[in-house]
Structure formats: C-alpha cells, structure tokens
Trainee: 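One structure coming up, written as structure tokens, with questions to follow.
Per chain, numbering begins at 1; letters A, B, ... match sequence-line order. Please read these numbers as outputs of a predicted model, since none were measured by experiment.
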Amino acid sequence: MSPPNDTFEITEATRLLLYQSMLRCRALEKKAYDLFMEGLVQGTTHLGLGQEAVAAGFAATLRPDDMSFATYRGHNHMLLRGMAMAPILGECAARANGCCEGKGGSMHITEVAKGAMGSYAIVGAHLPIAVGAAWAGVVRGTGQVSLCFFGDGTTNIGTFHEAVNLAAIWKLPVVFVCENNLYMEYTPISAVIPVEYPAADRASAYGLERIIVDGNDADAVYQTAVTTVERARRGEGPSLVEALTYRHKGHSRADPGKYRPDEEVAAWLERDPLLVYRGRLESLGFPPTVLDEMEQLARAEAEAAADEVRAAPLPDPAALMTDVWANGGSEWRN
Amino acid sequence: MSPPNDTFEITEATRLLLYQSMLRCRALEKKAYDLFMEGLVQGTTHLGLGQEAVAAGFAATLRPDDMSFATYRGHNHMLLRGMAMAPILGECAARANGCCEGKGGSMHITEVAKGAMGSYAIVGAHLPIAVGAAWAGVVRGTGQVSLCFFGDGTTNIGTFHEAVNLAAIWKLPVVFVCENNLYMEYTPISAVIPVEYPAADRASAYGLERIIVDGNDADAVYQTAVTTVERARRGEGPSLVEALTYRHKGHSRADPGKYRPDEEVAAWLERDPLLVYRGRLESLGFPPTVLDEMEQLARAEAEAAADEVRAAPLPDPAALMTDVWANGGSEWRN
Amino acid sequence: MAELTYRNAIARGIGQEMERDERVVFIGEDIGAAGGVFKTTVGLFERFGPDRVRDTPISEQAIIGGIMGAAMNGLRPIGELMFSDFVGVAWDGIANQIAKTRYMTAGQVALPLVIRTANGGGTHFGGQHSQSVENWHMMIPGLKVVAPATPRDVVGLMAAAVRDDDPVIFLDHKKLYALKEDVPDGEIVDVLGKAVIRHPGSDVTIVALAAMVHVALEAAGRLAEHGVSAEVIDLRTLVPLDTATFLESVSRTGRLFTVEENPRLCGWGAEIASIAAEECLWDLDGPIVRITTPHIPLPAAANLEDLAIPSAERVVQTVLSQA
Amino acid sequence: MAELTYRNAIARGIGQEMERDERVVFIGEDIGAAGGVFKTTVGLFERFGPDRVRDTPISEQAIIGGIMGAAMNGLRPIGELMFSDFVGVAWDGIANQIAKTRYMTAGQVALPLVIRTANGGGTHFGGQHSQSVENWHMMIPGLKVVAPATPRDVVGLMAAAVRDDDPVIFLDHKKLYALKEDVPDGEIVDVLGKAVIRHPGSDVTIVALAAMVHVALEAAGRLAEHGVSAEVIDLRTLVPLDTATFLESVSRTGRLFTVEENPRLCGWGAEIASIAAEECLWDLDGPIVRITTPHIPLPAAANLEDLAIPSAERVVQTVLSQA
Ligand SMILES: Cc1ncc(C[n+]2csc(CCOP(=O)(O)OP(=O)(O)O)c2C)c(N)n1
Ligand SMILES: Cc1ncc(C[n+]2csc(CCOP(=O)(O)OP(=O)(O)O)c2C)c(N)n1
Ligand SMILES: [Mg+2]
Ligand SMILES: [Mg+2]
C-alpha cells in the first residue's frame, strides 16, 4: 500500500469536513435501512455502510462543476456532491419527493445540477459515460474532472477495459476509483482474478501508475484524491485508484452476508472508518463534545429527511407517461 | 523482444514443414487476390499476406483435435489445420464448393472436423468462444488446446479483457496470439493504446508472462508456440503471445493501404517471412532446387483449387432456407 | 406429486438434466455456493460440484462466448445471466454469434446450449432490472425462446430446452418465483412449440405468456361474470411458435387480444396480430387488440410499475370496451 | 442544386450541422483521416480538426458510453458504429443506458446525440455485416429511429437528428451509397416523424423504408403495367412513426403491404400491420401482407442474398397473387 502522501498537511477544517461527511453518509444509510424495515422501500437497496471514507475523501477535493458517477451503491457519493438527504431517501422509497420522482429507484440516485451525475445499475456501464463526460469538458475547456466509482468485481467487465484505455490515450481528466470491498455479490473477488489487486494490478496495462490506498482511512483517501484530481485537472490524464475497504452489510437488501467469515467481518468492523477517524481526531485534540454534536446533527438531518419521506406522497400516476422524450412526453406516433 | 528459445533444436523436417506451410499460405492468398481480380469474389476479403510465419509456426505444434479460432483474416490459420484450398477459395467466392457452401463468405472460413473452428468477423467475438471450447476440453479431459488468433486492434475491445481474464483464473489451455501488424483498418495501433505493445504490455494484468516474438521469423514463432502450447497442454494455463508482423496489402479488398509510409512498407517487404526463411534454409544448406520445387507445388495446388472454384456452381437456391436449426431447416412455426 | 414453487422448479429442472447427461454444465454469477441471487439454483453446486456448476466473474460476454465455445466442443452448457436486462451486455454473443453460426457454417457448428435468465417486472427494481426481453430474442433468427408460466412448465420446458440441439433462451419470470403448484414426481419433459389453452372460451381469444398468463386467467374469470367467455392461450414458447393453436381459437371466437408485458412496439403481440391479420382476417369479428406495457422504460415506484404492466383489470376493461 | 450521392450526403449532412453548432462533435473508428471505411465522412477531419472529428480504438462500448457522457456534459455528439451489426457489442449502452436514462432520472438527463451506422444488406458481406437492425431499436422505448432512402433525406434527416434533443439512431443504408439525385444547395432540415408518399396510387398501399423504398417503387412501376395502382409510402422514421399517413392511405386503398428488409419476426412491418389491424380493420378489403426477408441470418453468396431480401419481383408477385 502506498504510504499516505504527506507532502501536504490536512487542515483542521478539512478534517472536520471529512468526519462530518462520513457521519452524514452513515446516518443517511442507516436511515435507508430503517426505512426498509418500516416497509417503505419496495425494491432493492445497496448500502455503502463501512465505505464512507472513500466517498468523503474524494468529495472533499471536488469543484461544484466536477462530475461524479457511481454505482447502485452510490448514495454516499451522491450525497456528498451536495444533494439533500430527503431526495435520496425519497428515491430509495420511490416517493414523489425522490430525486427522480420515484421513477429511478434506489439504484439511480441522480442530481445532475449538483454534479451527482448518477448511479448506474448495470455493472461497468458508467465507466465509459464518465469518460465521455470528461472528454466533453476538455472540448469545452471547462476544467472539469470526472470521478468514477465502482467495485472490485467491475474490473472484470469489458467496459472497464475500454473506458480506462480510452481515458488514458486521450489523457482525459478522469479519476477511476475502485472500491475494493473484497466481494462482488456473494463471491469473493479473489476467486475471479488472477492478480492480487483487481484494479491496481491492471493499471500498467493502461500506462497508469499503481495506486492502492487504505479506503478506511479518510485522510489517506483524501491525499490520494487531491493528487489524482489535481493531476487530472492539470491535463495530465486519468488515474486508477484502488481503495481497500469493506461493506458492513450484505450486498443488497436481500443478502444477510452470511458467506463472509465472522473473523473477517469482526476485523473490518474494528477498522470502521468512522471509529478510525474519531480516534484520530480525538488524539489530535478535537474535543469529543464537538464530535458528538456533529454526530447528533447528522442523525437529526437523516431523521428529518426520513420524516419527509414518510410524509411524501407516492408518485403522481401521470408521471408514468412523462419524460421519455425531451418534450416531456412519451408519444411515439403522430 | 524475447530471444528465440534455443533450448531445443528445430529439426530439418520441421523446417521444411514451416517453409512449406508458408508457401502454401502465400500461394493460397495470392490466388484469392487473383480471384477478386477476375470478379469471382463479390463480398470483401482480408488477406494475411506477410503474416504467414505466425500461422505456420503455431500450426506446426498442434494435435489434430486442437482447436484454432481466427478472424476474418484467418485463411492461413484455417488452411494449416488441414483444410484443402478449394473449400477456402470457394467460400471466398461464395460458391457451392465453399466450406460453408457460400453461406458464410470470406470472413467465416470454417471446418470444424479439422479443428478449424472458424473465422470470426466481429472484432473480439471469438476470444471468449475459444476460452469456452478450451474449458469444455478440460471438463471432458481431452487434453485439447485452444488457439486464438487476433489483431493488435482487438486488444482494446471488452471481450479481450473478459476472455483473457477468464482463461487465466480457470487456468485453461488457451494460447492467445496477437498478430500485431501495426494497424487496425486504417488507423495505426500506436494512436489508440497507452502502452508500447498492445498485448504483451497487458499480460501482467492477467498474471501472465510478457511474451513478444518476431512474427516474421517462423522459427522464433515455432519455438514460442511449442513452449506455450505445451504449457497449456500440461494444464499450466493460458499464454498471451504478441507476434510482431505486417500485412503486405491493405486491410481488405477495398483498401489500397495508402496510409502507410512507403519506407515502412519497403522495410517490412524486405523482412517478408518467406524471404527470411528461404535465406535461412539456404544458409543451412537446403538445396535451392528443392525449395523451388516446394514453391511450384504450392502454386500448383492453389491453381488447381482456383480452377475448382472457377468451375464450381453458385450455391443451390434451396440452401437459403437450410441449417438455421439442427433439424436442417428454418421453420419457426408449426 | 408434491407442491413445488416456480423458484425451486428451476433448480429441479436443471438438476434433472444434469443428472441425466454429464455433458450438461452450468455457469454464471453467484450460481454456485450462493445458490443464485434469487435462490433459484440452490443445491446444484453441492450435487454436481465445481467442475459442472461454476461461478464466473462479472463478465457476461465471457459467459455467453464461453458457453458457445463449450457447446462447440462437446458440452451442453447452461449459462445464467442474473437479470435478463443484462443480455444487452452480451448481445453480440447472443444475436450475432450464437444465433448465426450454424447457418453461416452451413450446419457445421452445433450449439446445444441454454441461456437462462431472470426476466420480467413487477418487483420494483427499476428500468434496468425489470425488462421483459423475450421480443429481443424472438426477433433474431436462430434463437429459440421459452418463457414458462407455471412450476411444472419450468421443469418440462427446461428439459426440452437442454435437450434441444439449438440455442434456447430460457426466460423465467421473477414475479412468479413464489408461485406454487402440485407437480408430478419423476422426470418431466415437454416439447418446444406447443401452446396450451389454459382456459377454454368461446367469445374472445386472449393470448398471453409467462406472468401475463395469470393476468389473463384472472381477467377471464372476471369476464365470465360479465358474460364474456374468454379463451386464454399460454404460448409457452415464442420460437418455435404454435400458430395453429391461436389461429384455430380465433377462427372460433372471432376476436383476438394479446396480453404482453413488453413495451408496445414490435413485440410478440405484434407478430401474433400480424399473422392473424394475414391468415385469418375473414374470421375476425372486430379489431385485433394488443394490451401491452406502454412504450416507456419501466419506472421503479410500485404504483407506477403496476400501472404500466397490464393488469387483469385493464384486460377486462379493454375486452369489455370492444364488446 | 447539384447531383449528390447518398454516400456524400452523409458527410454533407454532418458537415452542415458541425458548421452551425460547435457543440456537434463526431467520433468513431477510422472516420477521421481515413474518411470512413465507406468514404462517407471524407473531408470532415480536415474541416473540423481532431478535437471535433476523432478516431477511436476498436471499443464500441466506449464509443457509445462516451457519446452518452459527452451529451450529458454539453456536447451534441455523433458516434459512428462502422457496421450496424456492431450495435450488438454496445447494446447495453444503447438499449439500457442511452434509451432509459432520461426517463429514469425524471427528465434530468438530456441526451442530444446521434448514433450513425451503416445498415443493411445487398453487399454480400455475410450474416454479421449485412443486417438491418432498425427493428432492434424501434423496440426500445427512448430511442428515435431514422432510415433515409434518398440523398436529400440523408442531409435533411441528419440535420433533424442532430438538432433533436433525444437520442436518435441514424441508419444509412450501404446498398444506397452510390445512389445519386439532384439536391438543393444550402441548408436542408427535415422534421422527424413525417412519412412521404413517394408514388401515389389507389388500389394498394405499400409501406417501405430505406433501400426497400426503391424496391417498392420499382414494383409500383411494374404493377401499373398489370393495371394495379400502388401507393408507395416511405416511412423515413420509425420513431416517431407517422401512422396518420399510412392509415389514411389504407382507408383509401383497402389493402396494406409492407416491404421490409429485416428478418420476419417482430419487425416494423408487424407493428404497422398490428396498428392497421386494430385501427382500420373495417377499411381492409383483404389480408395485410408483410413481405420480409425470411427469418434466417443473411447468407454471403450473392445469389442467395438476392433471394433473401425482398425484390421488386417478389413484391409484384405477392401483390398480384392477392388481387
Ligand atoms: C452487467 C451486470 N452483471 C451483473 C450484475 C449484478 N450485480 C449487481 S452488483 C454485482 C456485484 C458487483 O460487485 P462490485 O463491482 O465489487 O461492487 P460492489 O457491489 O461490491 O460495490 C453484480 C454481480 C449487474 N448489475 N450488471
Ligand atoms: C466489433 C467490431 N468493430 C469494428 C469492426 C470493423 N473492423 C474489422 S477489422 C478491423 C480492424 C481490426 O484490427 P486488428 O485487430 O489489428 O486486426 P487486423 O485486421 O490488423 O488483422 C475493424 C475495425 C468489426 N469487425 N467488429
Ligand atoms: Mg465489491
Ligand atoms: Mg492489426
């Protein structure tokens, strides 16, 4: 694992932002979980509980016009681009207040106006999309960076290869971030790759540097994010980052995650990114009361959002036939 | 470039076989070219003129039940699995005597009974097919090896990545052979890859060795073939070989190949694999008269095949509606 | 005879065939130790071991190309794509390679393989995990297409699919996984290309498939209360297509309705309607009416999805409005 | 007004739009310096430079995903797939991502993009380089589908496609590349969703598309000699579909024939026939007849391919046999 880049100091303000970001992610997703339990979520949902440090570290480096693309496990990434919690939870519950008015569902959290360019439900689909968006930024001279988050299992699908290659040859401002949480759905990634690190050990195939970061350490992620985002912004091309992390829950709502050895789960729970970071902040002298208060705030924000969802109406039946086309409608004939 | 493996001697008989193989490929494809000129070929055709050493070197190592998969530029590979010339030329001309009765066309030369498992017209399609065939051999315990030939440009498509990865993790007996002839259709491969060697520089992404061979030197190819095919046969898994070579003509019938610098073409024509090999054989003391005679025989074989094609009828109109299904027919309703 | 769910029928059908013929192998994502993400393949890995039941990487093109190659070299593979929407990722392999290779090689290449996938909506998974894609395959010459409506048919049609020497797309319907019925013990083997009349009737013919069969049956029950006798035909397979059964039915009833889960344009319903409009026009006593999902992607929200997919109520109202 | 080939009309159409709007960019394999493998894009690279006309690797999924992303971030890209058969390699991107994303995001994501590709048979390239795939796209909600029959329409419909704020599949037909006609100078802009009557008639309505328009026109000429007055309708776009034009025609002629290059099942012909069978059944004086390629992959041999694809002779015989 590359040592955290310590050529620059992380400021106190950044540290608080990172912690706050993680707390908000955690609160959001716990609330999503509660909403299933209440029977408010009818489809599926994929939580990033345990992977918050990756989302926090990268989000902290972005400009408002940068573009983030994520998977179905994308709530955290989308939240930290500035989305409010209610439209995220509302979409998980497919309510009218959802960011996609309930038409997308939990796997498609999106708010384009905030650079939350979407959550994609088909493995690998968004990698070339993120590349194309970055290219458009170059053509238009905007200086935008495109962030693309995906899992370890995604490194075995064809679009991964095509997208990283295209970004590399066109030197596009894309940061590909593989969140290696050791599993696809039920199958461990180690069973289906011939190398140790699914993303990092493939970087050289695209002329890229091998970058591995502790994905449960928000500081380490942040430093890697600064380096790779700046590199992209300078026009020096894409990076492929592998962040080692773990999901606390099963793959999706339907999965209790029983295929994982108890000791493995326990070891990673000890390395919970929030615990790790709280410990660091305390040892750096941040007062526990402030940290507690931040946590309270995050929870209150999530609870308020959940209340909004509970009160939100179902989507208007008229929404069924809107927004297939740019004219707002769905007519295919005259 | 790896030096030719000289841990074993190439026998005289093998040398003659390699030369004869190349002569036959050359004669076959020159004849295919003549047949266009005569207006007998209506569709397209992609010649491997200049790339014969790759086909010869690998074919010389195979067992009859091994399986070769190639691209539209696959005439040579299919020929050297033991196909006769007439069914190949007949298929190029889409005549009734073609190996696919004229229904496949020049891009689909196939004779399954000979291990000539087909020529595939969509870039990358055959890579996973070759992998699956190898897997079936393992399940059935046959000891077969699957050979998969493709071009430099093919290394950028998704199936390349998926197929090589699957073969690597399942340790399947596949030898992937990238014939790097420097160009896709009109665009040089160097314009679209971020590494120097499109296949070799990606081998490590699949835990495989980096293997580059002079694809215009039949001995070097043969030695690499022996090593990689034996490795596969021993159950030690796939190899990814990059053979450096050049096509003498344009990409296909429609392409005069004008985008290539004259000096580049000239330099490669000097390194014509047949010239190189003839020189080597002569310097090893093989009598020129014997070599000339071999050349005559190859030409005569091709001329006889061309005559068969010229005399062959068009496909029977009834063939239109046969062989969609295993029952021989094409009915989709009762 | 014992009660069997549609879900369990899948493993039973595959198991029956793997037991019988050792050339039958099965690959896909999470199908092995995990027993499938819908628990449709539970027990197969334990019974047949990792050589014959094998988890793959997330590489659908390799799965599809892989079973094609395996079929070319002596196996009779079944490949699973987790959701039928994912055929898009492997569409070249399905539509261009598997479907066409026998024809393009003048019969040299045999491809006795099955692609099995969880199809259909009604589970609120959103637009990319809910599609009915049987039409995508029906459109491609060289593919056979099976979509069972009952647990018994899952077993019998799976056997027929595996034993068929041509590539078969086997679309089990997610919404039906919990459906139960009594199914005979022992081997069940059907033939492809036979529709069944699930409910005889004399006033109108309703042609349906998979989950829509149950919608049509419920509608037929309610129509009876309105004095309309509806015949419900379950197509069971789209290719081969049992045209005789529905043409004969229409010749008796004079009215044809199709109930189709797919988006509207160019579906199997259009094919059925066109065949009838060409071949039994003079038997018709009124327009041919297709009841389909509108031509829209499927929404995630339950209330919207329920509106989109044809319901018994919609079928009843449509038929009555035409009476 | 000058003579223009269908082939050159493609570059003219794209050039017209790139000139007008600098957000229009164009990517694909060998489209730049090489001018396209069919020479359909000659001159664009020289005119607009490598930032706006860009050669890609052989990575169709990246091309399609790439233009989607580019459209999300302010461009109006055109992506070329060299042969339309290759949409199979990128089908997830087309059918699941591009088609559905606007709907799934409740209108947030605008995708003003064009996928341009060389479609159709008659050039003896074999089963994987000759398909007509307009039906594959018509079937997917969220895609507009354009298939011009003439050089002028290539320019005008390309302009309409590029200016449209929705994803448009633009299928130019390989067999027509050499076709010439006089085309007005200056900007040409059509609207999507307007069919044209290419040949007025009163006895039968023949609906056709792209290369089949010319087959239908030739047939109409010959039918006239047999005393049958055939109206030939060129649909020009499948989505949006101009149903009014053909329904009105059928209401006058009483007979409907479709001439379709695609394999038989579930094509646009079936859709047209179904619409007519539902909406103007009482106007019909006889069965609706679809003339299609049989449900087979296309063979490479010229004599076989010519038999497979509908010919003027086949149209004439079919119409006469129904008279
Ligand atoms: C093309 C495709 N194949 C399979 C799936 C089903 N699926 C959804 S998530 C997933 C596992 C993905 O693993 P990984 O990339 O490691 O991401 P993670 O879920 O661990 O974040 C699979 C197989 C899918 N959505 N798309
Ligand atoms: C998926 C796909 N994309 C594009 C093509 C068109 N095409 C045919 S050959 C070719 C170039 C292939 O280059 P390479 O792999 O280097 O093989 P070579 O022709 O040089 O042997 C292209 C782009 C195709 N057949 N399939
Ligand atoms: Mg994972
Ligand atoms: Mg090449």
Side-chain angles (χ1 to χ4, degrees), chain B residues 65 67 69 91 98-105 107-113 117-118 120-122 124-140 142 144 146 157-159 161-167 169-170 315 319 322-328 330-334, chain C residues 22-23 25 27 51-52 54 56-75 77 79 89-90 92-93 96-113 138 141-142 144 164-166 193-195 238-245 275:
Chain B
D65 62 345
M67 300 169 289
F69 296 83
E91 195 58 37
C99 53
C100 302
E101 299 173 17
K103 289 163 83 162
M107 295 198 277
H108 295 288
I109 306 301
T110 306
E111 190 172 338
V112 169
M117 305 299 283
Y120 293 78
I122 293 194
H126 60 308
L127 278 74
I129 302 172
V131 170
W135 176 55
V138 173
V139 173
R140 294 170 52 226
T142 59
Q144 292 161 291
S146 189
I157 201 160
T159 48
H161 182 65
E162 297 193 8
V164 180
N165 187 63
L166 191 68
I169 59 170
W170 289 2
T322 63
D323 287 328
V324 174
W325 307 122
N327 69 5
S330 57
E331 274 299 313
W332 49 267
R333 62 185 287 183
N334 62 9
Chain C
E22 66 176 16
R23 295 169 304 174
V25 293
I27 66 173
D51 277 353
R52 295 181 62 200
R54 203 169 251 234
T56 67
I58 308 176
S59 301
E60 279 79 7
Q61 297 189 85
I63 294 172
I64 293 301
I67 59 170
M68 174 167 170
M72 289 174 81
N73 192 23
L75 298 184
V89 178
D92 178 67
N96 287 335
Q97 312 302 330
I98 287 177
K100 296 181 172 57
T101 297
R102 173 181 285 278
Y103 186 83
M104 293 195 311
T105 62
Q108 289 184 66
V109 172
L111 293 175
L113 60 83
M138 186 178 188
K144 294 181 174 174
D164 201 276
D165 286 332
D166 291 310
K194 287 265 164 275
L238 292 177
V239 181
L241 182 66
D242 183 352
T243 54
T245 298
I275 292 169

Trainee: Do you know the tightest heavy-atom contact between C/Leu113 and C/Met68?
Mentor: CD2-CA, 3.8 Å
Trainee: Does B/Ser330 use its side chain to pair, donor to acceptor, with the backbone of B/Val324 at less than 3.5 Å?
Mentor: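 Not a single qualifying donor-acceptor pair exists.
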Trainee: For the side chain of C/Asp166 and the backbone of B/Ala326, is there at least one donor-acceptor N/O pair under 3.5 Å apart?
Mentor: yes
Trainee: Quick check on the interface: out of B/Glu111, B/Glu331, B/Glu91, who has the most heavy-atom pairs with chain C under 4.5 Å?
Mentor: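 So the answer, after comparing B/Glu111, B/Glu331, B/Glu91, is B/Glu111.
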Trainee: Look at the side chain of B/Thr110 and the backbone N and O of B/His108, then say whether any donor-acceptor pair between them is shorter than 3.5 Å.
Mentor: yes
Trainee: Looking at chain B, which one of C/Leu75, C/Asp51, C/Ile27, C/Asp165 has the largest number of heavy-atom pairs inside 4.5 Å, strictly under?
Mentor: C/Leu75
Trainee: Sort B/Met67 into side chain, backbone, both or neither according to what part of it lies under 4.5 angstrom from a heavy atom of chain C.
Mentor: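 Only the side chain of B/Met67 comes within 4.5 Å of chain C.
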Trainee: At a 4.5 Å cut-off on heavy atoms, which part of C/Ile275 comes close to chain B: side chain, backbone, both, or neither?
Mentor: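 Side chain only.
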Trainee: For C/Ile64 and C/Ala90, work out which heavy atoms get closest and say how close.
Mentor: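 Scanning both residues completely, I find the closest heavy atoms to be CG1-CB, 3.5 Å.
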Trainee: For B/Ala121, is it the side chain, the backbone, both or neither that has a heavy atom under 4.5 Å from a heavy atom of chain C?
Mentor: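 For B/Ala121, neither part sits under 4.5 Å from chain C.
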Trainee: Check whether any side-chain N or O of C/Thr105 sits under 3.5 Å from a backbone N or O of C/Arg102 as a donor-acceptor pair, and report yes or no.
Mentor: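 Pair found, side chain donor or acceptor close to backbone of C/Arg102.
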Trainee: Does any N or O in the side chain of C/Gln61 come within less than 3.5 Å of the main-chain N or O of C/Asp92, such that one atom is a donor and the other an acceptor?
Mentor: no
Trainee: Given heavy-atom pairs under 4.5 angstrom as the criterion, report whether the side chain, backbone, both or neither of B/Asn165 touches chain C.
Mentor: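 Side chain of B/Asn165 only, per the 4.5 Å heavy-atom cut-off to chain C.
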Trainee: Under 30°, 30 to 60°, or over 60°: which ring-plane class applies to B/His126 and B/Tyr120, parallel, tilted or perpendicular?
Mentor: parallel
Trainee: Measuring heavy-atom distances to chain B, does C/Gln108 have an atom under 4.5 Å in its side chain, in its backbone, in both, or in neither?
Mentor: both
Trainee: What part of B/Thr322 is in contact with chain C, defined as an atom under 4.5 angstrom from a non-hydrogen atom: side chain, backbone, both or neither?
Mentor: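 For B/Thr322, the contact with chain C is made by the backbone alone.
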Trainee: Given 3.5 Å as the limit, does a donor-acceptor pair link the side chain of B/Asn334 with the main chain of C/Ala244, or not?
Mentor: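 Checked: pair present.
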Trainee: What residue, out of C/Asn96, C/Val25, C/Leu241, has the most heavy-atom pairs lying under 4.5 Å from chain B?
Mentor: C/Leu241
Trainee: Give, for atom CD of B/Glu162 and atom CD1 of C/Ile58, the distance between the pair rounded to the nearest 0.5 Å.
Mentor: 10.0 Å
Trainee: Below 4.5 Å from any heavy atom of chain B, which atoms of C/Lys144 appear? Answer side chain, backbone, both or neither.
Mentor: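 For C/Lys144, heavy atoms of backbone and side chain both lie under 4.5 Å from chain B.
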Trainee: Please identify, among C/Pro141, C/Ala110, C/Pro57, C/Gly193, the residue contributing the most non-hydrogen atom pairs under 4.5 Å to chain B.
Mentor: C/Pro57
Trainee: Of the backbone (N, CA, C, O) and the side chain (C-beta and beyond), which part of B/Leu127 lies under 4.5 Å from a heavy atom of chain C, both, or neither?
Mentor: neither
Trainee: In terms of heavy-atom proximity below 4.5 Å to chain B, should C/Glu60 be classed as side chain, backbone, both, or neither?
Mentor: backbone
Trainee: Taking every non-hydrogen pair under 4.5 Å, which of B/Val139, B/Val131, B/Ile122, B/Leu166 racks up the most with chain C?
Mentor: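 Answer, by heavy-atom pair count under 4.5 Å with chain C: B/Ile122.
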Trainee: At a 4.5 Å cut-off on heavy atoms, which part of C/Ile63 comes close to chain B: side chain, backbone, both, or neither?
Mentor: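 No part of it gets close to chain B.
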